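As the structure lists them, so they are numbered: ligands from 1, and atoms in each ligand from 1. Source: prediction; values computed, not measured. Sequential numbering from 1 along the given sequence is applied to the chain's residues.
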Amino acid sequence: MPTVGVLALQGAFREHMAVLLRMGTRAVEIRQREHIDGIDALIIPGGESTTIGRLLAEWNMLAHLKERIQAGMPVYGSCAGLILLCKTIENSDQPSLGVLDIRVRRNAFGRQTDSFETKLTMPELGRTPFHAVFIRAPVITEVGPGVRVLAEFDRMAVAVRRDNVLATSFHPELTQDMRLHRYFMKKMCETGVN
Ligand code: GLN
């Protein structure tokens with residue numbers, strides 16, 4: 001059984017841990033560089049991407065994580081996690097891992113719709129729509145070649161995957177629906193990348 005690390009520097013890591021434990025997954029919190037060597041997959045939670053990025057850089061975890069992801073380690077980033085995975089951040093020069101060829105704009109749904117919930121059609125998860133919670137979410141403004149769009153809201157990509165990298169601009173860990181975590185485990189962690 002793979003061991004999944006949840007980056008626990010800041011943000012909603014406890015919620016991701018709770019989902020993984022509920023699913024019976026072996027999960028550990030990642031707080032320092034040495035922890036990275038013991039994991040087979042990683043989840044980067046929502047939170048404040050500038051803070052998480054700064055801590056990753058300060059504690060020399062950025063390059064090491066990037067190497068592991070580029071070598072094929074499955075990774076899933078939600079919200080701030082998506083920002084940390086992306087190649088280009090339009091409105092900030094904060095550090096990111098740059099492993100997912102998408103362009104994002106932070107906090108881009110605007111003041112009126114700062115936080116909202118909606119039902120998304122997500123064929124990979126089955127017929128039942130997925131209840132998605134958006135909190136000061138990033139907008140994906142460009143999707144590079146080879147990046148698959150798994151869900152859209154208002155004609156914008158809000159869930160994407162390329163090979164071993166999965167990212168959503170919403171927070172599945174804040175609902176009871178475990179299908180996205182299950183998808184990550186079954187399709188990306190347990191059976192290898194397909
Ligand atoms: N607004 C945050 C950021 O830009 C992301 C919000 C979240 O993760 N819920 O980093």
- For Arg105 and Thr141, does a side-chain donor sit closer than 3.5 Å to a side-chain acceptor?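 Absent: no donor and acceptor within the cut-off.
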Which ligand 1 atoms does [X] reach within 4.0 Å, using its non-hydrogen atoms?
{"X": "Glu48", "answer": "10 (O)"}
{"X": "Ile83", "answer": "3 (C), 4 (O), 10 (O)"}
{"X": "Gly46", "answer": "8 (O)"}
{"X": "Ser49", "answer": "3 (C), 4 (O), 10 (O)"}

Who's the nearest protein heavy-atom neighbour of [atom], and how far?
{"atom": "atom 7 (C) of ligand 1", "answer": "Cys79 SG, 2.8 Å"}
{"atom": "atom 5 (C) of ligand 1", "answer": "Gly47 O, 3.3 Å"}
{"atom": "atom 1 (N) of ligand 1", "answer": "Asn107 OD1, 2.5 Å"}
{"atom": "atom 4 (O) of ligand 1", "answer": "Arg106 NE, 2.6 Å"}

- Item | Results of ring-ring contact (aromatic ring centres under 6.0 Å, His included) for Phe130 - residues two or more places apart only |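 Scan of Phe130 (ring-ring contact (aromatic ring centres under 6.0 Å, His included), adjacent residues dropped) gives Phe170.
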- Quick one: does Pro95's side chain get under 4.5 Å of Leu62's, heavy atoms only?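 Of all side-chain heavy-atom pairs linking Leu62 with Pro95, at least one is under 4.5 Å.
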- Task: Identify, with sequence neighbours excluded, every residue that meets salt bridge (charged side-chain N to carboxylate O under 4.0 Å, His left out) alongside Glu124.
- Result: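 For Glu124 the salt bridge (charged side-chain N to carboxylate O under 4.0 Å, His left out) partners, ignoring immediate neighbours, are Arg148.
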- Message: Nearest 0.5 angstrom please: Arg31 CZ to Met61 CE, how far?
- Response: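 One gets 10.5 Å once the value is rounded to the nearest 0.5 Å.
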- Would you call Glu48 and Arg106 a salt bridge, taking side-chain N to carboxylate O under 4.0 Å as the test?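 Looking at Glu48 and Arg106, the cut-off is met.
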